[in-house]
Amino acid sequence: MIIEDLLIAFGAEIQHYKAGEIIFREEDLPVYYYQIEKGKVKLNNYTEDGKEFIQNIFSDGHSFGESLLFVDRQYPMNAVAIEDSSIFRMSKSGFLNLVQTNPEISLNVYQCLAERMYYKYIMFYNLSFQNPVSKLKLLLDYLKSYHDDKAPYSFQIPLTRQQLASLVGLRVETVIRTIKQMEKDKMLKIEKRKIYY
DNA sequence: TCATTAATTCGCC
DNA sequence: GGCGAATTAATGA
C-alpha cells in the first residue's frame with residue numbers, strides 16, 4: 001500500500017519467510033510495520049483445543065498489523081506466512097515518522113484501516129447469527145469484490161476449503177457440504193475441485 | 001514413482 | 001454441524 005521507494009527511504013528492509021514461518025506471535029510487542037512484497041500471510045488465533053481461526057489473509061501489496069502500531073498493546077493474533085514470502089519490514093518509528101511527514105500516506109493508511117474495519121463489521125454480524133450458506137456467500141462476495149470481472153463463475157477462489165472453514169469458523173466437512181449445496185443452487189461452480197464464483 | 005497435502009466420503013452423535 | 005478415521009485426488013520432487 002505504501003510505495004516501495006518510500007518504504008526503503010524510511011528504513012524498510014526485505015525479509016524472507018518460508019511457508020509456515022511465523023512472522024510475529026500473539027502477545028509480542030508490535031515494533032514493525034509489515035508490507036508484503038510477494039507472498040501470502042494469514043493472521044490467526046488458536047483455541048485451547050488447537051482449532052485455528054483465521055482473522056484475515058493478505059497477499060502482494062498488502063500491509064498487516066499496522067493498527068497495532070497506534071496503540072500500546074500486545075498483538076492479539078499471530079502472523080504466519082502461508083507461502084514463501086518476501087516482506088518489507090520497517091521500524092515503528094520509521095512508520096510513524098513517514099505517516100507524520102506525508103499526508104497522502106496517512107490518508108492511505110486510514111483507508112486500509114477502514115477497509116479492515118469494514119470486513120470486521122460485516123463478518124462479525126454474519127458469523128454470529130447466520131447459517132453456513134450465508135457465511136460462505138458473504139465471504140465469497142467479499143473476496144470477489146476485489147476481482148474485476150463481475151460475471152458469474154469468473155472468479156476462482158484462491159483459498160483451500162480448509163482456509164475457508166477457518167475464516168468463517170466452520171469445519172472443513174461443513175464447508176464441503178455447503179459448497180456442494182451452493183453448486184446445486186447454481187450459486188457457484190466446481191471444476192477439478194476448484195471453486196468458481 | 002513415491003511422498004505430501006488437500007479434498008472428499010462415511011458413520012455416528 | 002461437529003468429530004475421527006479412511007479413501008482418493010492433485011501436485012511436485
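Note that the structure is predicted; figures quoted are calculated from it, not measured. Numbers restart at 1 for each chain; the letters A, B, ... are given by sequence-line order, proteins then strands.
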So Tyr33(A) and Gln35(A), side-chain hydrogen bond (donor to acceptor under 3.5 Å, both in side chains) or not? Walk me through it. CA-CA 7 Å; Tyr33(A) 167 84; Gln35(A) 180 171 314; 2.7 Å; yes
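Nucleic acid contact for Lys135(A): none, since no nucleic acid atom lies under 4.0 Å from a heavy atom of the residue.
Annotation: cation-pi pair Lys144(A)/Tyr197(A) present, NZ/CZ under 6.0 Å from the ring centroid and within 45° of its normal.
Between dA6(B), dT8(B), dC3(C), one nucleotide has an atom nearer to the side chain of Glu173(A) than all others, and that is dC3(C). For Gln162(A), the listed nucleotide lying nearest its side chain is dA7(B); candidates were dG2(C), dT11(C), dA7(B). Residue Thr160(A) has its side chain nearest to dA6(B) when only dA6(B), dT8(B), dC3(C) are considered. The side chain of Ile176(A) approaches dA7(B) more closely than any other nucleotide in the set dA7(B), dT11(C), dG2(C).
Going from atom CD of Glu83(A) over to atom P of dA6(B) covers 12 Å, rounded to whole Å. Put simply, CD1 on Ile195(A) is 14 Å from P on dA6(B), counting in whole angstrom units. Leu164(A) has its CG atom 9 Å from the P atom of dA7(B), to the nearest Å. Atom CD in Glu52(A) sits about 18 Å away from atom C1' in dC3(C), given to the nearest Å. The CZ atom of Arg193(A) sits 7 Å away from the P atom of dA9(C) (whole-angstrom rounding). To the nearest angstrom, P of dA6(B) lies 15 Å from CZ of Arg171(A). Straight-line distance from the CG atom of Asp84(A) to the P atom of dA13(C): 11 Å, rounded to whole Å. Rounded to whole Å, atom P of dG2(C) lies 13 Å from atom CZ of Phe53(A).
Taking CZ of Phe88(A) as the reference point, atom CG of Leu6(A) lies at 11.5 Å (rounded to 0.5 Å).
A donor-acceptor pair is defined here as one N or O able to donate and one able to accept, closer than 3.5 Å; no such pair exists between the side chain of Asn126(A) and the backbone of Ile122(A). Checking side-chain atoms of Asn45(A) against main-chain N and O of Ile54(A) turns up no donor-acceptor pair under 3.5 Å.
One finds no side-chain N or O of Lys194(A) lying less than 4.0 angstrom from the OP1 or OP2 phosphate oxygen of dA10(C).
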